[in-house]
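Both counts, for ligands and for their atoms, begin at 1 and track the order of listing.
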Amino acid sequence: MLETAQNVKQESIINTEGLKACKSEDKTVNRWSVDEIVALFELPFSDLMHRAQTVHRENFDPNAVQVSTLLSIKTGGCSEDCGYCPQAARYHTDVENEPLMALDEVLKAAQEAKDNGASRFCMGAAWRGPKQRDLELVLKMIAEVKAMGLETCATLGMLKDGQAEQLKDAGLDYYNHNLDTAPEFYGDVITTRTYQDRLETLDRVRSADINVCCGGIIGMGESRNQRAGLLAQLANMERPPESVPINLLTQVEGTPLHGTEELDQIEFVRTIAAARITMPQSFVRLSAGRQSMQEGIQALCFLAGANSIFYGEKLLTTGNPEAEADKKLFAKLDIHSI
Ligand code: SAM
Ligand code: DTB
Ligand code: SF4
């Protein structure tokens, strides 16, 4: 029998040992234990897909996929040590450092994204966090992109008190800040900011009434238990993120994670399905890594409940499928973009 939200709630209350205690009854509705999520991963593939599809169809139009375009507004030279990231100054990659882009260049890129059918424009900066002087320039970008009729998203690193409110006032719809992985694997990947730092930024975003975009990276050498652990963190948030990007690690030469054993892509599909089941009302974004996926795997991701993608030839510094190829794929799968 399929679980209703109510059934999940009853079972989950019994199985949440070890997870952060909930403060009030209504905060447990979407609570999942890591073991319950591992049990989803362990289902026969067809059963898992059926569960995910059922949840997807109860909550979304299964043929509609949200389309965001990314732009790196400030590239490279980052002080952090995220082991996957080609933009960290300390790793020797081919990324060339570029200063914060000028407003008119950003608006030109946003217009192109809109003309190509994107509904959301996401601006990313390789910062530990924004300095006030830089933030003021980004606020102008957000206000003008919003005025063009696009939804706005930004990913600028950690936010200090008051910064989320400034972003909200400028018209920011979504803030992307990822937990990246399970708490117990996190220290193997990043040492210059803590898991708690990330949770605090996410709290600031939530409190400022900005939609939360938060997910992670799969294929960094984590275990299945740790993949489930990341999803548990996300699904058990007081309010799960509105948007959950699931990235497949794009391995970049010069980064510490280059050379990690490649994850079997069916395991990636299982991760998407488990994200869909545990976060029924969130948009689950099939994010980085699509360039390494055959169309069949991407189609399985959509069947598993992914309903958002990054569209356009570039992510931040690495490649993404050609827009034309995505148009053809959508046509083959009868997907319409939203
Ligand atoms: N500097 C800001 C920060 O880290 O919060 C914003 C930009 S950062 C590049 C945004 C996210 O991109 C990271 O949190 C990570 O999840 C994802 N990312 C970065 N490099 C990646 C890679 N090589 N493969 C997959 N995802 C990656
Ligand atoms: C997210 O979760 N994935 C995007 C977005 N949020 C900012 C970034 C992917 C970056 C992939 C590596 C690169 O292009 O530099
Ligand atoms: Fe810097 Fe963000 Fe890359 Fe980490 S992920 S090194 S914070 S740009």
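With respect to Arg224 and Glu267, a salt bridge is recorded, a charged nitrogen being found less than 4.0 Å from a carboxylate O. Under a 4.0 Å N-O distance rule, the pair Asp326/Arg290 qualifies as a salt bridge.
Counting heavy atoms under 4.0 Å from ligand 1, residue Ile217 touches it through the side chain alone. Contacts between Met123 and ligand 1 below 4.0 angstrom, taking non-hydrogen atoms only, are absent altogether. Contacts between His177 and ligand 1 below 4.0 angstrom, taking non-hydrogen atoms only, involve the side chain exclusively. Here Leu316 has side-chain heavy atoms under 4.0 Å from ligand 1, and that is the only part of it that gets that close. When heavy-atom distances to ligand 1 are checked against a 4.0 Å cut-off, Thr250 comes that close through both its backbone and its side chain. Counting heavy atoms under 4.0 Å from ligand 3, residue Arg128 does not touch it at all. At a 4.0 Å heavy-atom cut-off, ligand 1 touches Asp180 through the side chain alone.
In this structure, Thr250 falls outside the shell of residues with a heavy atom less than 4.0 angstrom from ligand 2. Contact analysis leaves Met220 out of contact with ligand 1, as no non-hydrogen atom separation drops below 4.0 angstrom. Proximity of Gly157 to ligand 1 is established by a heavy-atom distance of less than 4.0 Å.
Atom 8 (S) of ligand 3 has its closest protein heavy atom at Ala126 CA, 3.6 Å. Among protein heavy atoms, the minimum distance from atom 6 (N) of ligand 2 is reached at Asn176 OD1, 3.1 Å. In terms of protein heavy-atom proximity, atom 4 (Fe) of ligand 3 is closest to Cys82 SG, 2.3 Å. Remark: minimum distance from atom 12 (C) of ligand 2 to any protein heavy atom is reached at Thr318 OG1, 3.5 Å. From the protein, the heavy atom lying nearest to atom 8 (C) of ligand 2 is Leu316 CD1, 3.9 Å. Scanning the protein for heavy atoms near atom 21 (C) of ligand 1, the closest one is Tyr84 CD1, 3.7 Å. Residue, atom and distance of the protein heavy atom nearest to atom 3 (N) of ligand 2 are Asn247 OD1, 3.0 Å. The closest protein non-hydrogen atom to atom 4 (C) of ligand 2 is Phe310 CE1, 3.6 Å. Here the protein heavy atom with the shortest distance to atom 1 (N) of ligand 1 is Ala125 O, 3.1 Å.
A side-chain contact (heavy atoms from CB on, under 4.5 Å) with Met279 holds for exactly one of Asn59, Val55, Leu234, Val284; it is Leu234.
Looking only at side-chain heavy atoms (C-beta outward), Leu199 and Leu179 come within less than 4.5 Å of each other.
Within a 6.0 Å radius of NE2 in His336, more than 12 heavy atoms belonging to other residues, nucleotides or ligands are found. Residue Glu261 qualifies as open at atom CD: its count of foreign heavy atoms under 6.0 Å is 12 or below.
Between Gln87 and ligand 2, not a single N/O pair is under 3.5 Å apart. Remark: ligand 1 and Ala288 share no N or O pair separated by less than 3.5 Å (distance only, no angle test). For a threshold of 3.5 Å applied to N or O pairs, the pair formed by Thr317 and ligand 2 contains at least one separation below that value.
Under a cutoff of 6.0 Å and an axis angle of 45°, Arg120 and Tyr174 form a cation-pi pair. Cation-pi contact between Arg270 and Phe45: absent, since separation from the ring centre below 6.0 Å together with deviation from the ring axis within 45° is not met.
Scored by the side-chain hydrogen bond (donor to acceptor under 3.5 Å, both in side chains) test, Thr192 finds Glu80, Asp81 as partners (sequence neighbours excluded).
Interface atoms of ligand 2 facing Thr155, defined by a heavy-atom separation under 4.0 Å, are 7 (C). Residue contact check: Pro245 has heavy atoms under 4.0 Å from atoms 2 (O) of ligand 2.
When distances to atom 3 (Fe) of ligand 3 are checked against a cut-off of 2.8 Å, Cys78 contributes no N, O or S atom below that limit. For atom 4 (Fe) of ligand 3, the set of nearby N, O or S atoms under 2.8 Å includes none belonging to Cys85.
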Test log, rule side-chain contact (heavy atoms from CB on, under 4.5 Å), inputs Met141 and Leu100:
CA-CA 11 Å; Met141 296 173 190; Leu100 186 59; 4.1 Å; yes
Can you check side-chain hydrogen bond (donor to acceptor under 3.5 Å, both in side chains) on Arg204 and Gln163, steps first, answer last?
CA-CA 8 Å; Arg204 293 188 169 112; Gln163 291 187 322; over 6 Å; no
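Among all heavy-atom pairs drawn from Cys122 and Thr155, the shortest one is SG-CG2, 4.3 Å.
We find the OG1-CD1 distance between Thr278 and Ile37 to be 5.0 Å, quoted to the nearest 0.5 Å.
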